[in-house]
Enquirer: 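Quick one: the structure is below, and I'll ask about it shortly.
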Amino acid sequence: MRIFLVGFMGCGKTTLGRKLASRLSVPFTDLDKVFEEVTGKTVPLYFKEFGEDAFRKAERDVLQTSDFPDDVVIATGGGAPCYYNNMDWMNANGFTVYISLSPAALAKRLETADEERPVLRDHKGTALVEFIAEKLKEREPFYKQAHLIAEGISLSAEKLASAIALHQLR
Ligand SMILES: Nc1ncnc2c1ncn2[C@@H]1O[C@H](COP(=O)(O)OP(=O)(O)O)[C@@H](O)[C@H]1O
Ligand SMILES: O=C(O)C1=C[C@@H](OP(=O)(O)O)[C@@H](O)[C@H](O)C1
Ligand SMILES: [Mg+2]
């Protein structure tokens, strides 16, 4: 099965995706990493040089022209489902899982995360929570189109694997 993990920055797509893939004994792919391989630039550098609109176009092309294996776990970038027809495309080309987390929980993780996320700019503290809450409101209608919604607090790869297996049996 081709599993796409979607959700806001910091919900754990990359971290959990790697563990889930290992648990299912399938390869793991991170869309941000594929993006960097294809374009030859890191995501923050691409943002800086070409801006967000160009990044979204390139991200769509990378997603929709990648030759993903049939069995794979793919961690997407937090904005990917919300631009162009990417969410429909993922729903048609795999099984999608939204890892859902509250703005406060996301902020707690993102405040300390060292990976550079240009979309967050330099928001910190309560401004960060407010920024996330606003952005999540815009993005959640897309995330919620996923085949499965998983609560991200204390979510393990084992729990996620079981939830996916259960959903497949329905
Ligand atoms: N289950 C978890 N509990 C606590 N912190 C986590 C958990 N999963 C990820 N993190 C931390 O949150 C940050 C963002 O995780 P990451 O996997 O990069 O999220 P995403 O790919 O969704 O943006 C990282 O610093 C990571 O160590
Ligand atoms: O939410 C976003 O708009 C983005 C999320 C990032 O991925 P993560 O969700 O893995 O941080 C990365 O694609 C880029 O910085 C933009
Ligand atoms: Mg990630």
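Counting convention: from 1, in listed order, for ligands and their atoms alike. On a predicted model such as this, the values are computed, not experimentally measured, just so you know.
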Enquirer: Can you tell me if Arg139 contacts ligand 2 (heavy atom of the residue under 4.0 Å from the ligand)?
Expert: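 In this structure, Arg139 qualifies as a contact of ligand 2 - some heavy atom is under 4.0 Å.
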Enquirer: Looking only at non-hydrogen atoms, which of Arg109, Lys108, Lys13, Arg18 approaches atom 7 (C) of ligand 1 most closely?
Expert: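 Considering heavy atoms of Arg109, Lys108, Lys13, Arg18, the nearest to atom 7 (C) of ligand 1 sits in Arg109.
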Enquirer: Against heavy atoms of Val119, which atoms of ligand 2 measure under 4.0 Å?
Expert: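 Those of ligand 2 that fall under 4.0 Å from Val119 are 2 (C), 3 (O), 16 (C).
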Enquirer: Indicate yes or no: does Glu37 engage Lys33 in a salt bridge with an N to O separation below 4.0 Å.
Expert: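 No.
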Enquirer: Any donor-acceptor pair under 3.5 Å linking the side-chain atoms of Gln64 with those of Asn85?
Expert: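 A donor-acceptor contact under 3.5 Å links the two side chains.
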Enquirer: For residues 129-140, which side-chain donor-acceptor pairs fall under 3.5 Å, sequence neighbours excluded?
Expert:
{"unit_1": "Arg139", "atom_1": "NH1", "unit_2": "Gly78", "atom_2": "O", "d": "3.4"}
{"unit_1": "Glu140", "atom_1": "OE2", "unit_2": "Tyr98", "atom_2": "OH", "d": "2.7"}

Enquirer: Give the numbers and elements of all ligand 2 atoms closer than 4.0 Å to a heavy atom of Arg117.
Expert: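 Result: 11 (O).
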Enquirer: N/O to N/O below 3.5 Å, does that happen between Gly79 and ligand 2?
Expert: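 The answer is yes, given that Gly79 and ligand 2 share an N or O pair closer than 3.5 Å.
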Enquirer: Heavy-atom contacts with Val43 under 4.0 Å: which atoms of ligand 2 show up? List them by number with element.
Expert: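 Taking each heavy atom of Val43 in turn, ligand 2 has 14 (C), 15 (O) under 4.0 Å.
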Enquirer: Can you name the atoms of ligand 2, numbered from 1 with element, that are less than 4.0 Å from a heavy atom of Pro118?
Expert: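 Here the atoms of ligand 2 in question are 15 (O).
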Enquirer: Rounded at 0.5 Å granularity, tell me how far OG1 in Thr96 sits from CG in Leu5.
Expert: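 The distance works out to 9.5 Å.
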Enquirer: Give the atoms of ligand 1, by number and element, whose distance to some non-hydrogen atom of Met9 is under 4.0 Å.
Expert: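 Numbered from 1, ligand 1 contributes 23 (O).
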Enquirer: Does Gly7 reach ligand 1, in the sense of a heavy atom lying below 4.0 Å from it?
Expert: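 No heavy atom of Gly7 comes that close to ligand 1.
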Enquirer: Rounded at 0.5 Å granularity, tell me how far OH in Tyr84 sits from CG in Asp61.
Expert: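 Interatomic distance, Tyr84 OH to Asp61 CG, rounded to 0.5 Å: 8.0 Å.
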Enquirer: Quick one: do Met90 and Val72 end up in the same hydrophobic cluster if we chain Ile, Leu, Val, Met, Phe, Trp and Tyr together by side-chain heavy atoms under 4.5 Å apart?
Expert: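 Shared cluster, yes.
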Enquirer: Please report whether ligand 2 has a polar contact with Gly78, defined as an N or O pair separated by less than 3.5 Å (distance criterion only).
Expert: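 N/O-N/O distance under 3.5 Å: yes.
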Enquirer: How are the rings of Phe55 and Phe35 set to each other: parallel, tilted or perpendicular (split at 30° and 60°)?
Expert: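 Tilted, since the angle between the ring planes falls between 30° and 60°.
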Enquirer: Once salt bridge (charged side-chain N to carboxylate O under 4.0 Å, His left out) is applied, what residue pairs with a partner in residues 86-113 remain, sequence neighbours excluded?
Expert: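 Output for this query is empty, none listed.
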Enquirer: So, Thr14 and the Mg ion (ligand 3): N/O/S under 2.8 Å, yes or no?
Expert: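 Yes - counting backbone and side chain alike, Thr14 has an N, O or S atom under 2.8 Å.
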Enquirer: Report yes or no: do Leu45 and Val38 belong to one cluster of Ile/Leu/Val/Met/Phe/Trp/Tyr joined by side chain heavy-atom distances under 4.5 Å?
Expert: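 In one cluster with Leu45: Val38, no.
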Enquirer: Should Ala75 be listed as contacting ligand 1, given a heavy-atom distance under 4.0 Å as the test?
Expert: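 In this structure, Ala75 fails to qualify as a contact of ligand 1 - no heavy atom is under 4.0 Å.
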Enquirer: As an exercise, identify every atom of ligand 2 less than 4.0 angstrom from a heavy atom of Asp32.
Expert: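 So the atoms of ligand 2 that pass are 6 (C), 7 (O), 8 (P), 10 (O), 12 (C), 13 (O).
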Enquirer: Does any N/O atom on Arg56 come nearer than 3.5 Å to any N/O atom on ligand 2?
Expert: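 Yes, Arg56 has an N/O under 3.5 Å of an N/O on ligand 2.
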Enquirer: Taking distance alone, with no angle check, do Leu155 and ligand 1 share an N/O pair under 3.5 Å?
Expert: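 No, Leu155 has no N/O under 3.5 Å of an N/O on ligand 1.
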Enquirer: Would you call Asp71 and Arg2 a salt bridge, taking side-chain N to carboxylate O under 4.0 Å as the test?
Expert: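 Answer for the salt bridge query: no.
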